[in-house]
Each structure stands twice: as structure tokens, then as C-alpha cells.
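Side chains included, hydrogens not; waters and symmetry mates left out as well; all remaining heavy atoms used.
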Amino acid sequence: MAVAIVGAGIAGRLLAWRLAKLGYHVELFDKNKRDAESACSFAAAGILSPLAELEMAEPDIYQYGSRSMELYQEWLPQLTQDVFFKVTGSLVTAHGSDKIELDHFYRLVQRKTRELKVFEAEAKSEAIEKVSVETLEPEMAHLGQGLYIPSEGQIDPIELLKALAFEIDNSANVNWHSQLKVSNVSAHKLKCGNESLTFDWVFDCRGLGAKSDLPLRAVRGELLWLQSKDVNIKHLTRLIHPRYRIYVVPRPNDIYLVGATEIQSEDFSPVSVRSSLELLSAAYSVHRGFGEARIVKSVVNCRPALPDNLPLIETTPGLTRVNGLYRHGILMSPAVIEQTIQEFKHISNHALEKVQHAN
């Protein structure tokens, strides 16, 4: 069976890789250059925190994220290239004046986990623990009390995307058509310029490129890369604030990613002064060592979101649309792609049975 995938972001690449491993012949179409870092996933911090997301997200996000944590541990060893991935837990904390917000976070996540029956499998193990920040991060002792979520972790999205590109490039089952814009997507068909192409199945993973077909909006995210030898933070750290949520993500080579801005705008211009001030001030309040850190990179991109902020997997004969991963693309993609393939196989097999029965 020959299938087409439109879009080479995290969803498109994972889908192409998994379908190729299953023996499908895949034609992958993308409007960008092969080595471009234009996909919004390149601007992600790679936070894998399904439980913490329960504070503001729907239970579906937790469920997709939890399943993806399992799939990452299963799939990453199958890649030829190494990808930075670790599960060492996350720390959630706040300054003294905002501890009431931290308590609200704790009670809300506790209530939602009970509703989801998260504790049933491991009745003796707390999914979220109250801790002294100093016990986990001595250099942040001034923050006092915090919360620890041992099941959470992080991944390097850039390494992941490049590792997937390597697999696709070296797969006999995939042809990657870069710098080729698809203007129309429909069941079994694509239109590229004046040319129409026909396939057994089409997968639409265009993100914001599918705005003409889906009620999508753009959500702008901004991220700063800091480098400092004066900071030694080991855990992914979230700083709770009444107005925003700031995260600090430690990476190898004294690199720390600082982000969390979320702006309803399809604006790809550089990081704003306001966002920079908020991010840098928050980082400095977490650790004074960031005062002498160097800003090595700033990243901006816009994520596709649907009105309910939930992912869409819509499968009809000959066409599957995958979209609306919002700011959870790296967190949810493996589970979303797993479900996408399951639905595709179910409907395509059913359609084939009907044809065979008719004959």
C-alpha cells in the first residue's frame, strides 16, 4: 500500500518512520528544506510532564502523555542515533508570596489524579510529593517547599527530529519530497501546483498549514537558551506564578532552557523585550547564577491549536488528519501516532474487506 504524509514535523516524521517499519511505502511531502528547523517542534523544550499538565489541561493530555512516556522508552532504542532522554522527575515550586498558588496546584492535581484513578496501580506510591526544595536542589534552597513528581522527564526534540530524519533518509520504504508545497489535501489525493497525485491513503500532518480545512489558531511560544557554569540544577523545574508558569530545563554542557510564554498570535518575529524580561527575571529569581549566564539562542515558533486545545485524529476512508497538538506535541506525539496507525489499519482493512466481499 502506498501512502502519502504531508508535513514533516514531529507527527509527520514519527508517522513516516512507524509506517515504514510496518512495510508501507511512504511518500513524505514537506514545504521546507530537508535540513530546515522550521517545524514548531524544533522550538519545543522537550518537557515530558503529563501529570503536571493536569493542572490546566484535559485528562486526554495526561493519558496521551503517559502512554507516550512508555512508547519513548520502547521506540528510542530502535533509532540508530542517540537521543537525549531521561526520567529523573520534575520539581514544582514558587516564591513565598506565591505559595498559595503552589498549594492550589497540589490540591488540583491530587483531585484530578484521584478522578483518573492514577493511584490504583501503585497504591503505596504518591504520584506527587511535598518536599523541601533543598533536598533535591541545594542551590535553590531559598525557595523553601516544593512538589516533586518522580515520573516525569525530558527529551531533546532537536536530536529526536534529526534522528527520525536519519531513519527516514535511510529507509527503502520512504521517499522524502522537500521544498514541495501541497496546496490541497483530500481522500486519496494531493495537489502540488498543477499536478494531482493519487495514493491508497493520505495523512495530513500540516499543522497550521491546514488552516483552510480546520478551525486552527496559532499559539506563539518563546524560548531562551542560557549557558552558565555557575548554575547546577539537575531537575526540570517549574516556577508557579499567578500570571504565568516558567520552566527551567537543564541540558548537557551547562545549557538551560527557559520558557513558557504562550501568546495567541501567529507572529514569527523575534522574542519580545517583555517576554525576555519576564523569562530572564524568573530564571534569576530561581538561581542567582543566571545573572552571569550567556544567552546563546532565542527561539520563536507558533503551534497549531483547535478550539478545545485537544489533538485531532480524524480518519475517513482514504484520509487521516492529525493536528491540534498545541503545546504538547513532543509530550503526546508517540501516543497520538500509535492511535492514528491503529485507526488507519482498522478502517483500511474494513474498506478492503468490503471491496473483496463485493467482488
Side-chain angles (χ1 to χ4, degrees), residues 1-30 34 39-42 44 46 48 50 60 63-83 85 155-178 182 185 188 190 199-207 210 311-325 328-352:
M1 178 181 282
V3 304
I5 300 173
V6 188
I10 183 62
R13 294 187 194 200
L14 272 175
L15 182 58
W17 176 49
R18 300 312 296 178
L19 286 176
K21 287 179 71 67
L22 290 171
Y24 293 93
H25 177 76
V26 180
E27 302 288 334
L28 177 62
F29 295 83
D30 192 59
R34 184 78 60 93
C40 61
S41 301
F42 279 101
L48 304 177
D60 288 9
Q63 290 162 346
Y64 277 122
S66 296
R67 176 56 181 157
S68 290
M69 294 288 283
E70 298 172 351
L71 289 173
Y72 273 127
Q73 295 178 72
E74 177 185 335
W75 290 357
L76 290 178
Q78 299 174 22
L79 295 170
T80 305
Q81 297 182 341
D82 291 336
V83 175
F85 170 81
I155 192 170
D156 187 328
I158 296 176
E159 288 187 357
L160 174 60
L161 288 160
K162 289 183 176 180
L164 290 170
F166 182 85
E167 298 297 323
I168 292 167
D169 282 336
N170 289 277
S171 172
N173 287 343
V174 185
N175 292 323
W176 189 336
H177 308 275
S178 58
V182 173
V185 175
H188 302 291
L190 300 180
F199 298 91
D200 294 310
W201 208 276
V202 172
F203 294 89
D204 186 354
C205 302
R206 289 177 293 168
L312 170 74
I313 305 171
E314 182 182 82
T315 301
T316 55
L319 175 65
T320 298
R321 299 188 190 276
V322 181
N323 216 314
L325 298 186
H328 306 114
I330 298 298
L331 172 64
M332 297 191 301
S333 284
V336 167
I337 293 310
E338 179 184 56
Q339 183 178 331
T340 297
I341 293 174
Q342 289 172 349
E343 291 187 9
F344 153 66
K345 291 171 70 175
H346 175 74
I347 292 181
S348 62
N349 288 340
H350 181 66
L352 181 61

Inset, instruction - Go through the structure and list residues passing side chain to side chain contact (heavy atoms under 4.5 Å, CB included) with Asp200, not counting sequence neighbours. - result: Met1, Ala2
Inset, instruction - Among residues two or more places apart or on two chains, list those pairs meeting salt bridge (charged side-chain N to carboxylate O under 4.0 Å, His left out) that have a residue in residues 156-175. - result: Arg34-Asp169, Glu37-Lys162, Asp156-Arg251
Inset, instruction - For Gly9 and Ala39, work out which heavy atoms get closest and say how close. - result: CA-CB, 3.9 Å
Inset, instruction - Run the ring-centre check on Phe29 versus Phe203 and record whether the distance is less than 6.0 Å. - result: no
Inset, instruction - State, with a plain yes or no, whether a side-chain heavy atom of Leu14 is found less than 4.5 Å away from one of Trp75. - result: yes
Inset, instruction - Name all residues meeting the side chain to side chain contact (heavy atoms under 4.5 Å, CB included) criterion together with Ala44; count only those two or more places apart in sequence or in a different chain, and write none if there are none. - result: Pro157, Ile330
Inset, instruction - Please tell me if the side chains of Phe344 and Tyr24 come closer than 4.5 Å, counting only heavy atoms from C-beta onward. - result: yes
Inset, instruction - Show your reasoning for whether side chain to side chain contact (heavy atoms under 4.5 Å, CB included) applies to His177 and Asp30. - result: CA-CA 6 Å; His177 308 275; Asp30 192 59; over 6 Å; no
Inset, instruction - List for me each residue that meets salt bridge (charged side-chain N to carboxylate O under 4.0 Å, His left out) alongside Arg321, sequence neighbours excluded, and say none if there are none. - result: Asp204, Asp213, Glu314
Inset, instruction - Using a 4.5 Å cut-off on heavy atoms from C-beta on, say whether the side chain of Leu15 contacts that of Cys205. - result: yes
Legend entry - Minimal non-hydrogen separation, Leu28 against Gly12, with atom names: CD1-O, 4.4 Å
Legend entry - Test side chain to side chain donor-acceptor pair (under 3.5 Å) applied to Asn323 - qualifying residues, sequence neighbours left out: none
Inset, instruction - Answer yes or no: is there a side-chain heavy-atom contact under 4.5 Å between Gln339 and Tyr64? - result: yes
Legend entry - For Glu74, side chain to side chain donor-acceptor pair (under 3.5 Å) partners two or more places apart: none
Legend entry - side chain to side chain donor-acceptor pair (under 3.5 Å) partners of Thr320, counting only residues at least two apart: Trp201, Thr315
Inset, instruction - May I ask you to test the Phe42-Ile158 pair for a side-chain heavy-atom distance under 4.5 Å? - result: yes
Inset, instruction - Report the distance from atom CD1 of Ile313 to atom CD of Gln342, rounding to the nearest 0.5 Å. - result: 9.0 Å
Inset, instruction - Could you tell me whether Asp82 atom CG has more than 12 heavy atoms of other residues or ligands within 6.0 Å of it? - result: no
Legend entry - For the student: nearest non-hydrogen atoms of Gly23 and Asn173, plus distance: CA-ND2, 3.9 Å
Legend entry - Nearest atoms (heavy-atom pairs only) where Val174 meets Ala20: CG2-CB, 3.5 Å
Inset, instruction - Would you name the heavy atoms of Ser66 and Pro50 that are closest together and state the gap between them? - result: N-CB, 3.8 Å
Inset, instruction - State, yes or no, whether a side-chain contact exists between Leu79 and Leu160 at a heavy-atom distance under 4.5 Å. - result: yes
Inset, instruction - Under the side chain to side chain contact (heavy atoms under 4.5 Å, CB included) rule, what do Asn170 and Thr80 come out as? Steps first, then yes or no, please. - result: CA-CA 10 Å; Asn170 289 277; Thr80 305; over 6 Å; no
Inset, instruction - Answer whether the closest heavy-atom distance between the side chains of Leu190 and Val6 falls below 4.5 Å. - result: yes
Legend entry - Between OG on residue Ser171 and CZ on residue Phe166, distance to nearest 0.5 Å: 11.5 Å
Legend entry - side chain to side chain contact (heavy atoms under 4.5 Å, CB included) between Ile5 and Val26, intermediate numbers included: CA-CA 7 Å; Ile5 300 173; Val26 180; 3.7 Å; yes
Inset, instruction - Any chance you could lay out the side chain to side chain contact (heavy atoms under 4.5 Å, CB included) test for Val322 and Leu312, step after step, and finish with the verdict? - result: CA-CA 6 Å; Val322 181; Leu312 170 74; over 6 Å; no
Legend entry - Over 12 foreign heavy atoms within 6.0 Å of NZ, Lys345: no
Legend entry - Results of side chain to side chain contact (heavy atoms under 4.5 Å, CB included) for Gln73 - residues two or more places apart only: Phe85
Legend entry - Counterpart residues, side chain to side chain donor-acceptor pair (under 3.5 Å), relative to Arg13 (two or more places apart): none
Legend entry - Residue pair Gln78 / Arg18, side-chain heavy-atom distance below 4.5 Å: yes
Inset, instruction - Hey, could you give me the CD1/NZ distance between Ile341 and Lys21, rounded to the nearest 0.5 Å? - result: 11.5 Å
Inset, instruction - Please report the shortest heavy-atom distance between Ala11 and Ile337, naming the atom on each side. - result: O-CD1, 3.5 Å
Legend entry - For Glu70, salt bridge (charged side-chain N to carboxylate O under 4.0 Å, His left out) partners two or more places apart: Arg67
